[in-house]
Structures are given as C-alpha cells and as structure tokens.
Amino acid sequence: MINVDFSFVKKEQLVDFASYKDKVKEIDKMINERTGAGSDFLGWLKYPLTYDKEEFNRIKAKAKEFRENYDTLVVCGIGGSYLGANAAIDAINGLYPTTGMKIVYLGNTLDSTYTAQVINYLKNRNFAICCISKSGTTTETSVSFRILKSILEEKLGKERARKAIVCVTDKEKGALKTLATKEGYETYVLPDDVGGRYSVLTAVGLFPIACANIDIDDLMAGALEAMKKYDNANILENDAYKYALERFYLYSKCDYKVEMLCSYELKLRMFNEWWKQLFDESEGKDGKALLTASSVFTTDLHSLGQFIQEGSKILFETVIYIDKPALDVTIPYDEENLDGLNFIAGKNLSYVNSKAHEGTLHAHSESGNVPNIQINLNELTPFTLGELIYFFMKSCAMSAYLLGVNPFNQPGVEIYKKNMFHLLGKPGY
Ligand code: PA5
C-alpha cells in the first residue's frame with residue numbers, strides 16, 4: 001500500500017488542498033469523460049480492468065517458452081517503449097538478478113560503441129529479441145532491430161530466428177507491423193489510445209517483465225487496486241491527486257523549478273528514469289513545467305547531497321521509501337574493531353539505511369529548507385509496483401491538466417528528428 005506523507009513540507013509551502021476542491025473535481029471529470037486535450041490517449045486509465053486477457057495469456061505462454069529456450073532477451077525500443085520494462089525489471093529483480101532471462105537493452109541509442117559492445121556480448125549468448133515500437137519508424141529502434149535481426153538470422157537461420165523474435169507495435173499500421181506480418185513474427189498490440197510513456201502495463205512492459213520471470217498477474221492486480229483507489233474526485237481522499245497538486249503548488253506558487261525523485265535503493269535508478277520521462281515529456285510544454293531530476297541515496301548524498309543541503313533553493317524532493325528491503329545483510333562483529341564499526345555490529349544494513357533516511361529527511365527539510373514529499377511503501381513487490389506505476393500515471397495526468405498542458409503529446413520531440421532526417425538525406429526531408 002502507498003502512503004503519501006506531507007509532514008516534511010513546511011506549512012507555508014503546503015497547499016490548502018481543500019481550496020482546490022472544485023478545480024480538481026472539474027479536471028477529474030474531464031479525465032473520466034475524456035473531454036480534455038489529448039483525451040484520445042486515455043486508454044491506460046481503465047486498462048488494468050479492460051486489457052485483452054487472450055493476449056495477456058499469449059504473452060505469458062511465449063515468455064515461458066523464451067525463458068525455457070533462451071538465456072537472454074534483447075529488448076529493442078526507446079523512450080516509453082523500453083523505460084517502463086527496464087524500471088520494473090530492475091525494481092523487482094535487482095541489479096544482479098538470480099531469476100529470469102538476462103535482459104539487455106538496445107534500440108535506445110545511436111551510440112555506436114555501446115551497440116558494438118552489445119553485439120559482441122551477444123556472440124556468446126543464446127538470445128531472443130523483443131522489438132517494441134508504436135510508430136514502427138523510430139530510427140534508433142529500427143536501425144538496431146535491422147542489425148539484431150540479421151545477426152540472429154545468420155546464427156540460427158531464418159526459420160529458427162522467426163521463433164525467437166516477437167514485436168510489440170500498432171495493431172495495423174507502421175513499418176514494424178508490416179515487417180512482422182511479412183516475416184510471421186508473434187506480435188502484441190500497443191493500443192491506439194495508449195501513448196509510449198503510459199504503456200508499461202500493456203504488452204510493451206508486460207512481455208519483457210514476464211521474460212524476467214516477474215509475476216505479471218500480480219503487477220496488473222496492483223494496478224487495478226490503484227485504479228479503483230485513485231478513481232476519486234475528492235482531493236481530500238485521493239493521494240495521487242494530492243501529490244499532483246502539491247508539486248503544482250510548489251512550482252507555481254513557491255517558485256520551485258526542479259523536483260528530485262529520491263530513493264534509497266540502487267535498483268530504483270531506472271524507475272527514476274521512467275518517472276522522469278513520464279513527467280517531463282508530459283508536462284514540458286508552452287515554456288512551463290518543473291524539471292525532474294533524480295538521485296539514489298545514500299550513493300548520491302556523496303555527490304549531489306551537498307547541493308541539495310546548501311546550494312540554490314531551486315528544488316524539492318519526492319522520496320520513495322520502502323520499509324522492508326527484498327534482501328538484507330548483517331554487519332559482522334570484529335574483535336579488533338579497527339574500523340570502529342562495532343557499535344553497529346549485529347545490525348542489518350537496512351537498519352543503517354533507514355537511519356540514513358531519517359537523518360537525511362530532517363537535514364534536508366529542516367536546516368536545508370528543501371520541501372520533502374514522502375511516498376512510503378511497506379515493501380516492493382510486483383503488486384505494489386503495479387500500484388506505484390498507476391499512482392504516478394494518474395498523478396501525472398492531473399498535474400499536467402493543472403498546469404494547463406496536454407499530458408499526452410510530445411510535439412517538441414519531433415524537431416530534432418526532422419533536422420536529423422534532413423541531414424541524413426531521408427527522402428521527403
Ligand atoms: O512516450 C512516448 O510517446 C515516447 O517516448 C515513445 O515511446 C518513443 O519515442 C518511442 O516511440 P515508438 O514506440 O513509436 O518507437
């Protein structure tokens with residue numbers, strides 16, 4: 001269960017939630033009745049209930065087949081077409097997983113060194129490919145898929161390679177759909193009304209997550225729970241809306257420019273990346289919006305920590321804290337105690353981490369004057385992760401509408417592409 005705590009935000013920086021009651025109600029109605037800007041892309045809103053169960057079962061079966069026959073899955077996608085999967089897989093399995101296929105990411109860059117190293121790494125792996133692109137024409141993804149496909153076909157032959165490739169794309173249009181149909185690849189649908197950064201609970205995230213041997217039934221059950229819980233127009237009873245409103249208030253009334261998402265577990269680093277994309281691509285329009293940043297403590301306390309404590313007062317923190325870690329380690333007793341650590345001998349490392357959290361919270365919010373919003377989870381499981389993902393997506397829609405921008409488009413992203421295509425000599429540019 002998610003608990004949102006505003007007690008480390010000073011009174012003068014805390015919004016009077018009740019005074020926005022009508023505004024929030026109006027936006028909630030707009031979301032539910034799909035009358036706001038970009039409302040064609042609200043398919044994710046009821047998706048935990050309405051998702052295609054037949055496809056879901058096909059995903060589970062194919063992922064099982066992949067887990068039994070290959071040791072590695074290359075997820076080929078960029079932005080919303082890979083970040084959610086990467087975030088969820090790391091968050092549940094950790095950075096040195098002991099279960100599921102090894103998941104490798106390509107198609108998320110034009111970096112030739114990285115690409116060459118992945119190709120080299122794959123030489124000794126028995127790999128399969130999941131290519132994900134809604135448009136089917138994203139350069140990074142298409143180029144990488146072309147390379148991967150040719151390597152796999154050379155290695156296995158066309159017939160066996162066919163069985164080792166799945167695609168997630170539009171149900172009928174786009175170059176990837178055409179290619180997948182012609183080659184006879186197993187295909188899953190990225191629904192028309194779900195944009196990339198809201199797609200982690202569709203096949204886009206579900207297939208790779210299932211290949212990592214994570215329970216996607218539980219993930220969807222958690223999302224469903226959150227869907228019901230945050231389907232409440234009353235700001236006083238809806239934590240997803242409270243979070244959205246408080247961040248809006250800190251930006252628009254208290255002049256904060258940056259929101260930093262912090263956590264105390266390294267496995268959440270990619271979750272930070274997913275969250276940053278969700279909010280920045282949804283809100284950064286018309287010269288507006290908070291810039292998102294992220295850190296993982298205590299690691300980043302030894303770098304960014306100085307700035308947060310004493311630097312310019314441009315940022316507030318939103319901290320995800322998980323009470324019960326997945327694994328723990330006991331600090332041993334040492335007879336000689338040369339490092340002076342016997343005062344914590346016999347304690348778990350998570351206990352020390354929890355005290356670092358407590359100490360940092362007070363240091364940043366009190367003497368540092370950095371507002372801290374706390375998002376607490378008892379533990380991180382596929383179920384609570386499903387809740388958390390849905391929580392942020394619902395918050396983001398509210399937050400963007402409070403700001404007065406369309407949460408579901410990304411016109412600014414097209415401009416670099418046009419320039420690049422022109423420079424590359426792509427026909428029509
Ligand atoms: O959130 C988004 O819409 C984007 O980040 C897209 O997911 C990203 O650009 C990849 O697009 P596509 O899936 O069409 O290849």
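For clarity, every value in this text was computed on a predicted model and none was experimentally measured. Position 1 is the first residue of the sequence, and the numbers go up from there. Counting convention: from 1, in listed order, for ligands and their atoms alike.
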To check your reading of the model: name the closest protein heavy atom to atom 8 (C) of ligand 1, its residue, and the distance in Å.
Ile78 O, 3.5 Å
Do Asp71 and Lys102 sit within salt-bridge range, that is, some charged N less than 4.0 Å from a carboxylate O?
no
Among protein heavy atoms, which sits nearest to atom 6 (C) of ligand 1, and what does the distance come to when rounded to 0.1 Å?
Gly80 N, 3.9 Å
Would you verify that at least one protein heavy atom lies under 4.0 Å from atom 1 (O) of ligand 1, or report that none does?
yes
Is the closest N or O pair between Lys134 and ligand 1 shorter than 3.5 Å?
yes
Of all the atoms in ligand 1, which lie at a distance below 4.0 Å from a heavy atom belonging to Ser135?
12 (P), 14 (O), 15 (O)
Ion pair present between Asp231 and Lys46, side-chain N to carboxylate O less than 4.0 angstrom?
yes
Around Glu154, counting heavy atoms of other residues, nucleotides and ligands shown, do more than 12 lie under 6.0 Å from its CD?
no
Can you list everything that forms a ring-ring contact (aromatic ring centres under 6.0 Å, His included) with Tyr256? Sequence neighbours excluded, please.
none
What is the nearest protein non-hydrogen atom to atom 11 (O) of ligand 1, stated with its residue, atom name and distance?
Thr138 OG1, 3.6 Å
Please list, in number order, the atoms of ligand 1 under 4.0 Å from a heavy atom of Glu281.
1 (O), 2 (C), 4 (C), 5 (O)
With Val168, which residues qualify under side-chain contact (heavy atoms from CB on, under 4.5 Å), at least two apart?
Cys130, Ile132, Tyr188, Leu190, Ala203, Val204
In Å and rounded to the nearest 0.5 Å, what is the CD to CG distance from Glu283 to Leu402?
9.0 Å
Residue, atom name and distance, where the atom is the protein heavy atom closest to atom 5 (O) of ligand 1
Gln277 NE2, 2.6 Å
Please confirm whether Ser133 comes within less than 3.5 Å of ligand 1 when only nitrogen or oxygen atoms on both sides are compared.
yes
Would you please test Lys229 and Asp239 for salt bridge (charged side-chain N to carboxylate O under 4.0 Å, His left out) and show each step?
CA-CA 9 Å; Lys229 188 168 166 189; Asp239 277 351; 5.5 Å; no
among protein heavy atoms, the one nearest atom 3 (O) of ligand 1 is Gly196 N, 3.5 Å
Counting each atom of ligand 1 from 1 as listed, which ones have a heavy atom of Gly79 under 4.0 Å away?
5 (O)
For Phe391 and Tyr243, I'd like to know if the aromatic rings sit close, meaning centre-to-centre distance below 6.0 Å.
yes
